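Working notes, beginning with the structure itself.
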Amino acid sequence: MIDIKDLRENPEKYRKGAELKGLDVEIARIIDLDEQRVRAQQEFESLRSEQNKQSKEIAKIKEPAAKKEAIAKMGELAGNVKAAEERLKIADAAMQPLLLQIPQPPDDDVPLGKDASENVVLYRWGEPRRFEFKPKSHIELGESLDLMDFKAGANLAGARSYFLKGMGAELHQAVLRLAFDMMTKEKGFTALSVPVLVREIAMQGTGFFPAGREQTYYVQADELYLTGTAEVGLTAYHMNETLEESELPKKYVAVSTCFRREAGTYGKDTAGLYRVHQFDKCEQVVICRNDVEESKKWHREMLGFSEELLQRLKLPYRVIQCCTGDIGVKNASMMDIETWMPSRQHKADPDSGYGETHSASRLYEFQARRLNLRYKGTDAKIRYCHTLNNTVVASPRILIPILENYQNADGSVTIPDALRPYVGNQEKIAVK
RNA sequence: GGAGAGGUGGCAGAGUGGUUGAAUGCGCCGGUUUCGAAAACCGGUCUGCCCGCAAGGGUAGCGGGAGUUCGAAUCUCCCCCUCUCCGCCA
C-alpha cells in the first residue's frame, strides 16, 4: 500500500515506479478521486459539526412542545449529513481498489530491465564441479535410488505433484531442520509455526492480493486461502498492532508447507522437483524500524544467512540483483540466489545451470501500511515498520542441487556433512 | 454441528438513546515531598483523517459492517472473535 499523501505530492515517483516495473496504473484517476474524497469529507464534517451542535441544544430543552419543534427543524440537516456521508463513502470505495494496485517504486540500487533476462549477477561462490562421468539428473537419481515417485504423485494429485520416499523424504526433512536450527539457535530468530490457511485480509495485507490472486488456492467453503509462503503468517503476525521501538527488530523464522497454483507456467519445468504445487520452506522475516539504512543492512544480513547455509552444504551459487521488471509489485529491491544444478545446464549458455533457490526482498513500508503494522518510537511518534523476508531454504527444490552435485560415478549420492546429523549420520545413499 | 454467555481505553471495570472519548481503580509519565526511595498528594496519559506554519480546531472510532433516530457505546440486522455445556474428532 502506498501513502496517498505521498502519491498526491509526488505522483511522478509512482508513475515512474510503475512504469519501471512494467505495470499500468491510473495515477491521475486516483488523484482525482482523492480530491473528491477530501472535498466530500470536508463537506460531511462541517455538516456533521452543525448537527452535533444542534443536537446538544435539543438535549437541553425541557419543554415538550419546544423540543418537538426543534427536532422537526433538524430533518433537513440530517438528510444533508447523510447524503454527504454517502458521497464520502462512495469516493473512498472507488479509490481504495485502485490504490491497492499501485506498486512499490523500485529502490535506486535496482537495475533497469524489463524481465529476468536483465537481472545482474553480483557475485559467485564455489566452483561448479567437473564430472569425470556423465552426471545424472535428480530425476534419474530419484528413480535409481528410489527417492521420489512422480507417477504416484500425478495419480493422486495431478501434474507437478510428487512423493518423496525413503532417503528422499529424510533429506527433505534434514535440510529444513538444518536451516531452522541455524536460524533459531545461531542467528537469534524466534521460531514460529504459522497458519497456512488464511483470510483474504492477510493475503492483501502482505501484498499478495490483488496481484497474485490467480496463483493462490482458494478454499471456497470457508473463504480461506492457502499461503504460498510462511512470509504471510510471519509478516501478518503483528497485523493491527503498534509495537514499541524497543522490541524491534522482530526476527522470525518458520517452516511451512507452501501452495502455489503455478498458473501460466504450463510447459515450463514440468518434470521433476523444480516447479511443484506444494513444497516446504524455511522462511525468515524481519520487522524493523522505519529506516532505509537499517532495512538495507538487514537485507544483506538475511541474504548472508542463506549464503551461509549453502556454504555449509558446499553448493556453488551466484547472487543476483533482480531488475526493475522482475522484482514484483511489492518489493523495493530483491536479490535472488541461484544454486548450481548440473542438469539444468545446456550448451548454449554455460551459466544456465544456475537455478533459483532463494529470494530476498526488502519492502520498506509497503506491507506494514496494508497490515497497519506500526511502532511507537522512543520519540513517541508512531511510524510504519519496515518488513523484509528471505528464503532460508526451500525443499524439495534444494534437493536438486544436493543430489546432482553430490552424485558419484557408481550412481550413489554422498550425503553432505552438514546434513548427516539429521539422518542418523548416514554418509551415502547407495544403489540397492 | 447444537445450546447459552460475552466482546468498552495499556489492564480491570462502570455505563441501556442526549454536553460520554467515555466514571472509577490499577498501570504509565511529570511534579510536590524525601538524603534517596516507598507512601501520599497534584497534574498528565488513545488513534485515524481533514483544515492550519504553528498554537489549535473539526470529524470519526466502545470487536467489524449495515440500519433506526434530530441524536447510538446504549435499539435492530449481518459477520468476526472469546468463553461454558453437549456432540464429533486427528
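Just so we're clear, the structure is a prediction, and the values are computed from it rather than from any experiment. All chains are named by letter (A, B, ...) in the order of the sequence lines, taking the proteins before the strands, and each is independently numbered beginning at 1.
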Distances under 3.5 Å between protein N/O atoms and the N/O atoms of nucleotides 62-68 of chain B, please, pair by pair.
| unit_1 | atom_1 | unit_2 | atom_2 | d |
| --- | --- | --- | --- | --- |
| B:rU68 | OP2 | A:K82 | NZ | 2.7 |

Are OP1 or OP2 of [N] and a side-chain N or O of [X] less than 4.0 angstrom apart?
X     : N      : answer
A:Q42 : B:rG58 : no
A:N52 : B:rG71 : no
A:S49 : B:rU59 : yes
A:R48 : B:rG58 : no

From C-beta outward on [X], which listed nucleotide comes closest to its side chain: [options]?
X      : options                : value
A:K376 : B:rC49, B:rC46, B:rG71 : B:rC46
A:Q51  : B:rG71, B:rA60, B:rC50 : B:rG71
A:K56  : B:rU19, B:rG18, B:rC46 : B:rU19

Euclidean distance for [atom1], [N] against [M] (whole angstrom):
N      : M      : atom1 : value
B:rG4  : B:rC77 : P     : 14 Å
B:rC85 : B:rG27 : P     : 34 Å
B:rG52 : B:rG57 : C1'   : 9 Å
B:rU32 : B:rA38 : C1'   : 15 Å
B:rC75 : B:rA14 : P     : 16 Å

Can you give each donor-acceptor pair under 3.5 Å made by side-chain atoms of residues 59-87 of chain A, sequence neighbours left out, with the distance rounded to 0.1 Å?
| unit_1 | atom_1 | unit_2 | atom_2 | d |
| --- | --- | --- | --- | --- |
| A:E63 | OE1 | A:A66 | N | 3.1 |
| A:E63 | OE2 | A:A65 | N | 3.3 |
| A:R87 | NH2 | A:E43 | OE1 | 3.0 |

Check your understanding: Do A:K5 and A:D3 meet the salt-bridge criterion of a basic N to acidic O distance under 4.0 Å?
Key -> no
Practice item. Considering only NZ, NE, NH1 and NH2 on the basic side and carboxylate oxygens on the acidic side, decide whether A:K89 and A:D92 come within less than 4.0 Å. Key: no
Check your understanding: What nucleic acid atoms does A:I382 come within less than 4.0 Å of, heavy atoms only: base, sugar-phosphate, or nothing?
Key -> sugar-phosphate
Practice item. Under 4.0 Å between any heavy atoms, over every strand shown, what does A:R39 touch: base, sugar-phosphate, or nothing? Just pick one. Key: nothing
Review point. Do any pairs count as a ring-ring contact (aromatic ring centres under 6.0 Å, His included) and have a residue in residues 273-307 of chain A, sequence neighbours left out, and if so which ones?
Key: A:F189-A:F305
Study note, to complete from the structure: For residues 198-226 of chain A, the ring-ring contact (aromatic ring centres under 6.0 Å, His included) pairs (sequence neighbours left out) are A:F209-A:Y225, A:Y218-A:Y225
Study note, to complete from the structure: Smallest heavy-atom separation, A:N290 atom then A:E365 atom, equals ND2-OE2, 2.7 Å
Review point. Where do A:Q321 and A:M335 come nearest, in terms of heavy atoms and distance?
Key: NE2-CG, 3.7 Å
**Study point:** Residue pairs involving residues 152-161 of chain A (criterion salt bridge (Lys or Arg N to Asp or Glu O under 4.0 Å); sequence neighbours excluded)
**Key:** none
Point to revise | Side chains of A:E307 and A:Y317, donor plus acceptor under 3.5 Å | key: yes
Exercise for review: Let me have a per-nucleotide readout for nucleotides 74-80 of chain B, 5' to 3', with B, S or -, counting only protein heavy atoms under 4.0 Å.
Suggested key: ------S
Practice item. Nearest-nucleotide wise, let me know which of A:K5 and A:A72 is further upstream toward the 5' end of RNA chain B. Key: A:K5
